[in-house]
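Here's the structure we're looking at; comments come further down.
The shown structure was predicted, so the numbers you read here are calculated from the model rather than taken from an experiment.
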Amino acid sequence: MNALFHIALPTNNLESMRRFFTGVLKADLGRTGPGWLDVNLFGHQITIQEVGNSLRPASEHFHPSLGYPLRHFGIILEMAVWNKLSGKLQEAGVPFSFGPETLMPGDPGEQRVFMITDPDQNVWEFKGFESLDSVFKA
């Protein structure tokens, strides 16, 4: 089944989140209104809503063996797209909070992974698979 996902995120600073998504990740800006905006991130709708200074940072929970943040959002990409994005972010000097690394090498679920953090400290994971058919293979 093909479907799109939508996620809504609060922010203390709408303009910094706009710059992160449209400048750093090169997402297309969608609809906007007073205190909110939509971006198209690889075909998925991300809605960002300004809440002033009431936003509290997410608690920090980490994977016990890999050390990456357990609370994160992810985008799964074909490897060619993942490689291009990873390279562009590295060239732009965007700091990675995890990776790029290969996880599960040699297994059916082998993937390349990196994580970056947005201005509100939300963690974004980008996975690259040689074939999207292997995403759920055991």
Donor-acceptor contact present, side-chain [X] to main-chain [Y], <3.5 Å:
X	Y	value
N122	D118	no
Q111	G109	yes
H44	F5	yes

ask   = Taking the six-membered ring for Trp, is the centroid-to-centroid distance between W124 and F114 below 6.0 Å?
value = no
ask   = Aromatic ring centroids of F129 and W82 under 6.0 Å?
value = no
Between [atom1] on residue [X] and [atom2] on residue [Y], distance to nearest 0.5 Å:
X	Y	atom1	atom2	result
S134	E110	OG	CD	9.0 Å
D120	N12	CG	CG	5.5 Å
F21	L41	CZ	CG	6.5 Å
R19	L14	CZ	CG	10.0 Å
R31	Q45	CZ	CD	5.5 Å
E125	M115	CD	CE	4.0 Å

Decide whether [X] and [Y] are clustered together by the hydrophobic rule: side chain heavy atoms of Ile, Leu, Val, Met, Phe, Trp, Tyr closer than 4.5 Å, transitively.
X	Y	value
L29	F42	yes
F98	M79	no
V24	L9	yes
V135	M104	no
I76	I46	no

Taking the side chain as every heavy atom from C-beta outward, state whether [X] and [Y] have any pair of such atoms under 4.5 Å apart.
X	Y	answer
Q90	P100	yes
I75	K127	no
Q49	P10	no
I116	L89	yes
L25	F126	yes
T32	D38	no
N83	V81	no
I7	T47	no

Please give me the minimum heavy-atom distance between [X] and [Y], naming the atom from each residue.
X	Y	value
T11	M17	OG1-CG, 3.1 Å
E50	N13	OE2-CA, 3.6 Å
A27	N40	CB-O, 3.4 Å

inquiry  = Are there over 12 heavy-atom neighbours, none belonging to E101, within less than 6.0 Å of that residue's CD?
reply    = yes
task = Could you walk me through whether K88 and E91 pass salt bridge (charged side-chain N to carboxylate O under 4.0 Å, His left out), step by step?
result = CA-CA 5 Å; K88 283 185 175 185; E91 287 173 11; over 6 Å; no
